[in-house]
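Heads up: the structure comes next, in structure tokens.
Basis for what follows: all heavy atoms, side chains included, without hydrogens, waters or symmetry-related copies.
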Amino acid sequence: MFCITGKINALDILKEVFGAIVTTPEIKKEYGKPLPEWVIIQPANQVLNLKFQKHVDEGEASAISLASEISCDFIILDDIAARKLAQKLGLPIKGTIGVLLTAKQLGVIPFFSPYLKLIQQTNFRLSPQLAQQF
């Protein structure tokens with residue numbers, strides 16, 4: 001999520017929609033750039049993290065572990081395998097597209113389509129059928 005929103009200069013949208021985001025040191029490391037001060041870094045349960053790494057990469061495993069431990073409205077995931085694992089665990093899920101749609105519904109962004117076009121210029125995998133729905 002940080003990678004894509006960072007690439008399209010939309011990190012501030014996350015703050016406007018959520019106020020704060022809780023993430024893990026592993027996600028911070030994957031992002032590779034400083035995160036804004038409103039992003040809370042919290043380590044996840046390492047036993048769960050290692051268990052989930054059998055199915056998804058380290059960053060997603062840590063995010064799913066943390067979401068399993070804390071009370072959250074939802075976990076933001078785009079990776080299909082990570083979404084399936086989170087769904088199996090009963091975690092509420094949103095993807096980057098869902099976050100941007102929420103931002104549009106809340107009036108944080110005036111239009112959704114410019115962000116969709118920017119996302120399509122990145123390495124984000126979005127099916128043409130899904131893109132046509134917007």
Legend entry - Between NZ on residue Lys15 and CG on residue Asp12, distance to nearest 0.5 Å: 7.5 Å
Inset, instruction - Report whether Ile76 and Val56 are members of the same hydrophobic cluster (ILVMFWY, side-chain heavy atoms less than 4.5 Å apart, transitive linking). - result: no
Legend entry - Path from Ile41 to Ile21 over hydrophobic side-chain contacts below 4.5 Å: yes
Inset, instruction - Go through the steps to decide whether Ile93 and Gln87 satisfy the test side-chain contact (heavy atoms from CB on, under 4.5 Å), and finish with yes or no. - result: CA-CA 7 Å; Ile93 306 160; Gln87 192 172 33; 3.9 Å; yes
Inset, instruction - Look only at the side chain of Ser65 and the backbone of Asn49, and say whether a donor-acceptor pair between them is shorter than 3.5 Å. - result: yes
Inset, instruction - Would you give the length of the straight line joining atom OH of Tyr115 to atom CD1 of Ile109, rounded to the nearest 0.5 angstrom? - result: 5.5 Å
Legend entry - pair Ile13-Leu100: side-chain heavy atoms closer than 4.5 Å: yes
Legend entry - Rounded distance [0.5 Å steps], CH2 in Trp38 versus CG in Leu14: 4.5 Å
Legend entry - Flag if over 12 foreign heavy atoms under 6.0 Å of CD, Glu69: yes
Legend entry - From CD1 (Ile4) to OG1 (Thr122), nearest 0.5 Å: 3.5 Å
Legend entry - Leu85 reachable from Ile27 in the ILVMFWY side-chain graph, under 4.5 Å edges: no
Legend entry - For Tyr31 against Gly6, the heavy-atom pair lying closest together: OH-CA, 3.8 Å
Legend entry - Over all atoms of both residues, closest heavy-atom pair of Thr24 and Ala63: CG2-N, 4.1 Å
Inset, instruction - Could you verify whether a donor N or O on one side chain and an acceptor N or O on the other, from Gln53 and Asp57, lie under 3.5 Å apart? - result: no
Legend entry - Distance, nearest 0.5 Å, that separates OG of Ser68 from CG of Leu91: 4.5 Å
Inset, instruction - Please check if Leu66 and Phe18 belong to a single hydrophobic cluster, counting links between Ile, Leu, Val, Met, Phe, Trp and Tyr side chain heavy atoms closer than 4.5 Å. - result: no
Legend entry - Interatomic distance, Glu60 atom CD to Asp78 atom CG [nearest 0.5 angstrom]: 8.5 Å
Inset, instruction - Ignoring hydrogens and angles, tell me if any N or O in the side chain of Glu16 forms a donor-acceptor pair with the backbone of Val108 under 3.5 Å. - result: no
Inset, instruction - Give the minimum heavy-atom separation between Glu30 and Cys3, together with the two atoms involved. - result: O-SG, 4.4 Å
Inset, instruction - Output, in order, the C-alpha distance, side-chain angles, deciding distance and verdict of side-chain contact (heavy atoms from CB on, under 4.5 Å) for Ile64 and Leu77. - result: CA-CA 9 Å; Ile64 294 168; Leu77 295 167; 4.1 Å; yes
Legend entry - Within one Ile-Leu-Val-Met-Phe-Trp-Tyr cluster: Leu116 and Leu106, side-chain cutoff 4.5 Å: yes
Inset, instruction - Check Val39, Ile70, Ile75 against Val22 for a side-chain contact (heavy atoms from CB on, under 4.5 Å) and give me the one that passes. - result: Ile70
Inset, instruction - Check for a donor-acceptor pair, side chain of Gln46 on one end and backbone N or O of Ala44 on the other, with a separation under 3.5 Å. - result: yes
Inset, instruction - Flag this pair as yes if the NZ/CZ of Lys94 is under 6.0 angstrom from the six-membered ring centre of Phe74 and inside a 45 degree cone about the axis; otherwise no. - result: yes
